[in-house]
Amino acid sequence: MIPSIPHPLGNLIRSVVPYPELAFAINAVIAIIGICAVAFGSAIVLVYMERKVCAHVQCRLGPMRLGFHGTFQTVADTLKLLFKEVYAPGGADKFIFYLAPMIILTSPFLCLCMIPFDYNLQVMESPVAIPLIIAVNGFGILGILLGGWASNNKYSLLGALRGGAQMISYEISFALLLLFIVMMSGSASLQEVTASQAGNILDWWIFKVPVIGFLAFIMFLVSSTAELNRAPFDIAEAEQELTGGYHTEYNGTAFAMFYLAEYINLVTTSALAVVCFLGGYLPPLIGIPVIDSAFSLVPGFIWFALKVFFMIWVYMMIRWTFVRPRIDQLMDLEWKFLLPVNLLLIAAGAVFISFGWIL
Amino acid sequence: MFSNPFFTDLLFYAVAGAILLTAILVVTVKNVLQSAVFLIISFIGTAVLYLMLHAEFIAMVQVMVYAGGVVIFMVFTILLTSHLGETSFTVKAPRMFIAFVFSVAFFGVMTKLLLKEPGLTAAVPHSENSSSLTSIAMRLLNIGEHGFVIPFEIVSILLLITLVCSITIARKDKGEK
Amino acid sequence: MAKKTTSRAYLARYFKRCITGPISLLQGLSVTLRYFFNPRKIVTEQYPENRKTLKMHSRFRGSLELIEDENGENVCTACGICERACPNASINILATKNIAGKRVLGRYLYRLGTCTLCSLCVESCPFGAIRMNQKFELSSTDPKDFDLILNQKEGR
C-alpha cells in the first residue's frame with residue numbers, strides 16, 4: 001500500500017515505471033520540487049507584492065527601477081541575501097543558532113503539503129489534516145524561542161519570549177476556529193472540508209452559517225495574523241523596542257530562511273482560510289447560468305490561487321493599516337475577548353447544527 | 001506500508017536508529033536547551049514509528065502534545081528560569097550507578113516481556129479504520145458498552161479544575177500591590 | 001496605580017469597546033483603501049527620469065535669489081537688514097555710492113555653503129527684494145561654486 005497522488009502526472013509515472021517503490025520515489029521527488037517551487041516562487045512574489053501594497057497605501061510607488069515597475073527587485077534582493085557571509089555572533093550557541101531557522105521552516109512546508117490546490121493537486125491527503133496543521137504550528141514557536149535564545153542577545157531573547165507567549169496564546173483561538181469548521185463540515189480532511197462547500201457562493205462556510213460564519217472568519221483573520229507574527233501583532237520583532245526581535249543577529253542565508261518561513265506561513269494561512277471559509281478550489285458560482293458555466297471552465301487551482309492572493313492582500317491591508325497594540329493589550333484581546341467569544345461561537349455552532357439553521 | 005517488506009524494514013531501522021541516537025544525545029549533551037531539541041527529534045521519530053503502524057491519530061497526538069506542547073513549555077521554562085552557561089552540572093558517581101541499575105533492570109524486563117511472545121516478528125496487523133478520527137470520536141463520546149463518555153467527561157472536569165486552580169494561584173491577592 | 005473601577009463599569013466599558021473598536025478599525029481601513037485604489041494620490045516623483053517636467057512646490061526653498069525684472073534691475077536698497085537677520089552670516093552686502101552720492105547695492109555676496117535655507121532674510125526684507133528660488137540641484141565638487149554674487153547690475 002503506497003500513498004499515491006491521483007494526478008495524471010503521477011498515474012503516468014506509475015504506469016511507465018516498473019517498480020512501485022521507484023514510481024513512489026519519483027512521484028515524491030516531483031512533489032518535493034513542486035512544493036519548493038510554490039514556496040520559493042510565492043515568497044519572491046509576495047515580497048514584491050508586500051512592498052507594492054505598502055507603498056500604495058502610503059501614497060508611494062515602491063520599487064520602480066529594476067525591470068518593469070521594479071519586478072526584479074526582490075530577485076536581486078534574494079540573490080544579495082544568499083551571497084552574504086553567514087556568521088554567528090560571539091558567545092552564540094552555534095548548533096542551535098543554525099538549527100533554529102531550519103526548525104522554523106519545517107512547519108510551513110508541512111502545512112503546504114496538506115493544502116489541496118485542486119481536487120487532484122495535493123501532496124498528502126490526510127484524514128487528520130486540520131489537527132496535524134495545528135500540531136506542526138508548534139514548531140514555529142520552537143524555532144523562534146531557540147533562535148532568540150541562541151543569538152546571545154537580550155533583544156533577541158526578549159523578542160523570542162514575547163513571540164512565544166503570543167503565539168501560544170493565539171494558537172488556542174486559531175485551533176478553536178479551525179475546529180469550528182471541522183464541526184460544521186463534519187470532517188478534518190481538507191478535501192472533504194472543501195467538498196462540503198460545493199454549490200454556489202452562499203454554500204461557503206463564511207456565508208452558509210448565518211452571521212456566526214462571518215464572525216468566525218473575522219476572528220480567524222485576527223488570530224491568524226497574531227499567529228503569523230505579522231503587524232499589527234508583530235510584538236516579537238517590534239522594531240522600535242527590540243531592534244529586530246528574535247532575528248536581530250541573523251544574516252545572510254539564515255535570515256533569508258526566517259523571512260521565507262514568514263512568507264510561506266502567510267501563504268499557508270491564507271490557503272487555510274480559503275479552504276475553510278471561502279470554498280477552496282471551487283469556483284464562485286453566483287446562480288446566473290451563463291456566468292456559472294464560464295466560471296466552471298476555469299481550472300480549480302486558478303480559482304484557488306486567486307482566492308489565496310485575495311486573502312494575502314487582505315492580510316497586507318491589515319498589516320499596513322492598523323497600529324501595534326502593547327503586549328498586555330494583546331494578551332487581553334486573546335484571553336478576555338477572543339477566547340470567550342470563541343467558546344460561545346462553538347456552542348452557537350452546535351445550536352445551529354442541531355436546529356438546522358445552516359443555509 | 002510498502003509492498004516490499006525490505007523498504008519497510010529499512011525505514012524502521014533508520015527511524016529507530018535516529019530515535020536511539022537522539023535519545024542518547026539528550027542525556028549526554030551538557031546544554032539543557034540542546035537536549036530539549038534532541039528530545040523533540042526523538043519524539044518526532046516516535047511519531048513516524050506510529051505512522052508506520054498506520055496509527056495516524058496517535059502520531060498526530062504525539063506531535064501535538066509532546067513535540068508541540070510539552071517540549072515548548074519546557075523550553076519556555078528553561079529560558080525564563082535557568083541561567084544557562086553559568087553553571088555546568090556534574091554527575092556524581094552514586095547517582096550514575098543508580099541510574100545504570102535502573103536502566104539495566106528496565107531493559108531486562110522489557111526484553112523478557114517481548115521474548116515471551118514467540119510470533120512477534122513484525123508489526124501487528126491493524127483492523128480497518130481502527131485509528132481514524134471518526135472511530136476514536138465515536139468511542140470517546142459513545143454511551144454504552146464500547147463508549148467512554150463518562151471517563152471523558154470526568155477528565156474534562158479534571159482539566160477544568162486544574163485551569164481554575166492555576167488561575168487562582170497566579171492571580172494577585174486583593175491587598176497585594 | 002489604575003483607578004478603581006466597579007465590575008459593572010468595567011463590563012460596560014468592555015462591551016462599549018467591543019462596538020467602538022471595530023468601528024474605528026474600519027474607519028482606518030477605509031482611509032487606506034481609498035489611498036490604495038487611487039493611484040492619482042501618489043506623491044512619489046521618479047526624479048532623474050522626470051527631470052524635465054519636475055515642478056517643485058511653491059513653498060520649496062532652494063537657494064536665495066534677488067528678484068529682478070527683465071533688464072536685470074532689482075529693488076534692493078542695500079539696507080543690510082538681511083545681512084543682520086542671517087543667523088550664520090551667509091550674506092554680505094557690499095554697498096557703493098552712485099553718481100548722485102546715494103548708497104546703493106554694489107555686490108550682494110551670498111555663501112550657499114553656510115546657508116541653512118532658513119529664509120529669515122526673505123522674511124526680514126522690507127522691500128521684497130529677495131526670495132528663495134526652486135532650484136534644488138545645488139551640489140558641486142568645487143567650493144567656489146557656493147560663493148555667489150546675486151546681483152548682475154549695481155543698484156541705482
Exercise. Using the ring of each side chain (for Trp, its six-membered ring), is Phe220(A) parallel, tilted or perpendicular to Phe174(A), with breaks at 30° and 60°?
Worked result: parallel

Exercise. Is the side chain of Glu249(A) donor-acceptor paired with the backbone N or O of Ser156(A) at a distance under 3.5 Å, no angle test?
Worked result: no

For this session: Please look at Phe38(B) and chain A and tell me whether the side chain, the backbone, both or neither of the residue comes under 4.5 angstrom of a heavy atom of that chain.
Result: side chain

For this session: Name the option with the most non-hydrogen atom pairs under 4.5 Å to chain B; the candidates are Ile168(A), Leu99(A), Leu161(A), Ile141(A).
Result: Leu161(A)

Problem set entry | Winner by heavy-atom pair count (cut-off under 4.5 Å) against chain B, out of Leu157(A), Ile134(A), Leu146(A) | Leu146(A)

Exercise. Between the side chain of Tyr170(A) and the main-chain N/O of Leu228(A), is any donor-acceptor distance below 3.5 Å?
Worked result: no

Problem set entry | Contact check, side chains of Phe233(A) and Leu333(A), non-hydrogen atoms, under 4.5 Å | yes

Problem set entry | Residue Ala165(A) versus chain B: region with a heavy atom under 4.5 Å | both

